[in-house]
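Just the heavy atoms: all of them, side chains too, but no hydrogens, waters or symmetry mates, feed the values below.
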Amino acid sequence: MNLMTGPAKTFAAPSPSRRGFLLSASAVALGAAALAAHPARAVTSAKTVTIENFNAAGKSIGKVSVAKVVKIEADWKKQLPSQSFEILRHAATEPAFSGNLWDFHKDGLFHCLGCDTALFDSETKYDSGTGWPSFWQPISKLNVVETTDTSFFMTRTAISCARCDGHLGHVFDDGPKPTGLRYCMNSAALKFVPRA
Ligand SMILES: [Zn+2]
């Protein structure tokens, strides 16, 4: 049962069957890589990913190759508040107008709640009227990953964190200039860090 599904038809969580499929698929992938050698080290055999780091002022301090953050379900559950866990790890969606960031106008950066990677800058945040924090671009294309989400008989583009694979929301092409994009995010997947 998914209690986080929002009322907006354009922004809902994947169905349990889709989720089950994804979990099975990743389990198979992990298993193939890890079980052959060392079952106990399955979650520590992380690959690396190139992300862009930012200082507290929001200025890029360069690209860096870092280990992906990979944890077992139980560890994510321990680390994250329950709603954030359902969003980041199970692609749930918080109800519209329920989060703490949709009507939030402070100056700073929005980081991934799962792994602290910088994801969005408040300078690209705008009021989309949807009830979810919305941005017209990520802080760096390197820090987010786009995947096709075909749940609920729709084809949407899901956005996840490049370092921990945490689900963040979706991107739509009805945003404002200059990109025309609307990165529709879940408040509970993000952590606000004031600009220094
Ligand atoms: Zn992350």
Side-chain angles (χ1 to χ4, degrees), residues 1-33 43 47 49 68-77 79-102 110-115 117 119-120 125-126 128-138 141-175 179-191:
M1 179 66 82
N2 183 349
L3 301 176
M4 304 296 176
T5 302
K9 282 181 180 172
T10 54
F11 195 76
S15 67
S17 60
R18 165 77 174 167
R19 194 184 305 151
F21 168 76
L22 287 175
L23 284 174
S24 314
S26 54
V28 168
L30 267 179
V43 297
K47 294 178 181 155
V49 62
K68 288 200 73 159
V69 173
V70 181
K71 299 180 186 186
I72 59 169
E73 286 276 291
D75 286 347
W76 282 120
K77 203 163 191 173
Q79 174 188 332
L80 299 166
S82 60
Q83 186 184 35
S84 302
F85 172 75
E86 290 301 325
I87 293 166
L88 285 163
R89 307 319 308 178
H90 292 161
T93 297
E94 68 196 13
F97 303 101
S98 73
N100 62 340
L101 296 178
W102 68 270
F110 296 85
H111 287 227
C112 174
L113 189 67
C115 73
T117 297
L119 298 172
F120 295 95
K125 194 175 188 293
Y126 73 100
S128 65
T130 60
W132 288 287
S134 302
F135 305 83
W136 48 261
Q137 75 176 14
K141 283 253 176 192
L142 290 175
N143 295 9
V144 295
V145 172
E146 297 187 0
T147 53
T148 301
D149 174 3
T150 55
S151 62
F152 291 98
F153 309 103
M154 294 180 280
T155 299
R156 296 175 295 167
T157 303
I159 297 295
S160 55
C161 170
R163 188 169 190 191
C164 73
D165 293 331
H167 173 81
L168 305 167
H170 291 85
V171 61
F172 302 94
D173 59 7
D174 57 7
T179 62
L181 298 173
R182 170 170 58 98
Y183 285 82
C184 190
M185 300 292 107
N186 286 281
S187 300
L190 302 174
K191 177 179 82 173

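Summarising the geometry, atom CD belonging to Glu94 is positioned 4.5 Å from atom CG belonging to Asn186; distances are rounded to the nearest 0.5 Å. Ser84 OG to Leu190 CG: the interatomic distance, rounded to the nearest 0.5 Å, is 9.0 Å. Within the model, atoms CD of Glu86 and NZ of Lys77 stand 7.0 Å from one another, a figure rounded to the nearest 0.5 Å.
Closest heavy-atom contact between Arg163 and Cys115: CB-SG, 3.7 Å. Closest of all the heavy-atom pairs between Ile159 and His170 is CG1-C, 4.0 Å. Contact record, Ala92 with His167: O-CD2, 3.9 Å, taken as the closest heavy-atom pair. Here the shortest heavy-atom pairing between Trp132 and Ala96 reads CZ2-N, 3.7 Å.
Listed by chain and residue number, Val49, Ile51, Val145 satisfy the side chain to side chain contact (heavy atoms under 4.5 Å, CB included) test with Ala162 (two or more places apart in sequence, or in another chain). With sequence neighbours excluded, the residues that form a salt bridge (charged side-chain N to carboxylate O under 4.0 Å, His left out) with Lys191 are Asp116. Take Tyr126 and apply the ring pair (Phe, Tyr, Trp, His ring centres under 6.0 Å) test, not counting sequence neighbours, and it matches no residue. By the ring pair (Phe, Tyr, Trp, His ring centres under 6.0 Å) test, Tyr183 is found to be paired with Phe120, residues two or more places apart in sequence or in another chain being considered. Under the side-chain hydrogen bond (donor to acceptor under 3.5 Å, both in side chains) criterion, Asn100 pairs with no residue at all, not counting sequence neighbours. Applying the side-chain hydrogen bond (donor to acceptor under 3.5 Å, both in side chains) test to Ser160 and every residue at least two apart in sequence or in another chain returns nothing. Every residue meeting the side chain to side chain contact (heavy atoms under 4.5 Å, CB included) condition with Trp76, not counting sequence neighbours, appears here in chain and number order: Val69, Lys71, Gln79, Leu80, Phe85, Arg89, Cys164. With sequence neighbours left out, the side-chain hydrogen bond (donor to acceptor under 3.5 Å, both in side chains) criterion links Asn143 to no other residue. In this view, Trp136 satisfies the ring pair (Phe, Tyr, Trp, His ring centres under 6.0 Å) rule with no residue, not counting sequence neighbours. Applying the side-chain hydrogen bond (donor to acceptor under 3.5 Å, both in side chains) test to Thr117 and every residue at least two apart in sequence or in another chain returns nothing.
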- Task: Please step through side chain to side chain contact (heavy atoms under 4.5 Å, CB included) for the pair Leu168 and Leu88, ending with a clear verdict.
- Result: CA-CA 6 Å; Leu168 305 167; Leu88 285 163; 4.1 Å; yes
- Task: Please lay out, stage by stage, how Met185 and Leu119 fare under the test side chain to side chain contact (heavy atoms under 4.5 Å, CB included).
- Result: CA-CA 11 Å; Met185 300 292 107; Leu119 298 172; over 6 Å; no
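Looking at heavy atoms from C-beta onward, Leu113 lies in side-chain contact with Pro81 at the 4.5 angstrom threshold. The shortest distance between side-chain heavy atoms of Pro95 and Gln83 falls below 4.5 Å.
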